[in-house]
*Asks:* 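Got a structure here, written out as structure tokens. Questions coming.
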Amino acid sequence: MNTSTPERPDGGPPPRLFASLRQLGLTALAMAHTRVALAGVELEEELQRLIGLLLSLLGLLVFGLVGVLMVTLMVVLAVDPAQRVAVLAFFAAVYLLLAGWFWWRVQRTLATRPPFLQATLAEMAHDRDALQAASVSTMPQGGDPHG
């Protein structure tokens, strides 16, 4: 029997502390890299969606506004001159009601959107739970997890 290296009770070689710590560090680094990469992908997707949405909204606003103004102008010019103020007041009320409805929709959409970086946070929580479960299963019976 070789006395220069202690053996474990099961007869195998002793654990290598530094190798284990290095492997743990590499695993933690790989997990962090994966999570940061996922966050980057999510940020890029959100940025692309936001740019597309803003461009679509800009087109909607410009062309919708021009169209609505043309229709309003045609209706106002088509009615009797004595009724034009009443027609303009009617259109103003309708436009303000529509603006209020759209404001409500925007507020509702913002209030019900999913949390920022939802998938990344879920994966990090899963990793935390797995590491906690692994640390509890390797702790000796009766051991204090905090020190």
Side-chain angles (χ1 to χ4, degrees), residues 6 8-10 12-147:
R8 295 191 323 208
D10 62 359
R16 310 257 178 192
L17 178 62
F18 291 116
S20 296
L21 288 176
R22 189 183 63 148
Q23 185 62 37
L24 178 64
L26 289 173
T27 301
L29 184 62
M31 287 172 49
H33 178 267
T34 301
R35 299 311 172 236
V36 169
L38 177 60
V41 168
E42 282 191 277
L43 286 172
E44 184 66 28
E45 288 175 352
E46 285 298 318
L47 181 62
Q48 288 177 358
R49 271 194 288 270
L50 180 63
I51 289 172
L53 179 64
L54 289 176
L55 289 174
S56 295
L57 284 172
L58 181 63
L60 173 67
L61 287 173
V62 169
F63 295 112
L65 182 61
V66 169
V68 167
L69 289 176
M70 288 295 129
V71 169
T72 302
L73 181 63
M74 287 188 314
V75 171
V76 168
L77 292 176
V79 299
D80 184 44
Q83 300 298 321
R84 287 187 180 158
V85 172
V87 171
L88 282 173
F90 170 75
F91 276 112
V94 169
Y95 296 153
L96 288 173
L97 285 173
L98 286 171
W101 182 73
F102 280 110
W103 174 258
W104 173 80
R105 282 191 48 143
V106 167
Q107 292 300 316
R108 187 184 68 180
T109 300
L110 290 174
T112 59
R113 69 178 178 82
F116 188 63
L117 297 177
Q118 179 179 9
T120 298
L121 293 173
E123 286 299 316
M124 291 180 87
H126 181 265
D127 292 344
R128 181 195 62 227
D129 294 342
L131 287 173
Q132 284 176 343
S135 69
V136 168
S137 67
T138 60
M139 195 184 319
Q141 291 294 334
D144 184 10
H146 299 291

*Asks:* As a quick check of understanding, evaluate side chain to side chain contact (heavy atoms under 4.5 Å, CB included) for Leu21 and Leu17, giving each step before the final call.
*Replies:* CA-CA 6 Å; Leu21 288 176; Leu17 178 62; 4.1 Å; yes
*Asks:* Are the side chains of Leu55 and Ile51 in contact, using a 4.5 Å heavy-atom criterion?
*Replies:* yes
*Asks:* Working note: Leu110 + Val106, criterion side chain to side chain contact (heavy atoms under 4.5 Å, CB included); need CA distance, chi angles, decisive distance, verdict.
*Replies:* CA-CA 6 Å; Leu110 290 174; Val106 167; 4.0 Å; yes
*Asks:* If I take atom CZ from residue Arg113 and atom OG1 from residue Thr109, how far apart are they, to the nearest 0.5 angstrom?
*Replies:* 11.0 Å
*Asks:* Applying side-chain contact (heavy atoms from CB on, under 4.5 Å) between Leu58 and each of Val62, Leu54, Leu60, report the one that passes.
*Replies:* Val62
*Asks:* How long is the straight-line distance from OG1 of Thr27 back to CZ of Arg22, given to the nearest 0.5 Å?
*Replies:* 10.5 Å
*Asks:* Supply the atom-to-atom distance His33 NE2 to Leu26 CG, rounded to the nearest 0.5 angstrom.
*Replies:* 13.0 Å
*Asks:* Hey, could you give me the CH2/CG distance between Trp103 and Leu96, rounded to the nearest 0.5 Å?
*Replies:* 14.5 Å
*Asks:* Measure the CE-CE distance between Met74 and Met70 for me, rounded to the nearest 0.5 Å.
*Replies:* 9.0 Å
*Asks:* Counting only heavy atoms not in Tyr95, do more than 12 sit closer than 6.0 Å to its OH atom?
*Replies:* yes
*Asks:* Within a reach of under 6.0 Å around CE of Met124, are more than 12 heavy atoms found that belong to other residues, nucleotides or ligands?
*Replies:* no
*Asks:* Would you say Arg84 has more than 12 foreign heavy atoms packed within less than 6.0 Å of its CZ?
*Replies:* yes
*Asks:* Starting at CG of Leu77, measure out to OG1 of Thr72 and round the result to the nearest 0.5 Å.
*Replies:* 10.5 Å
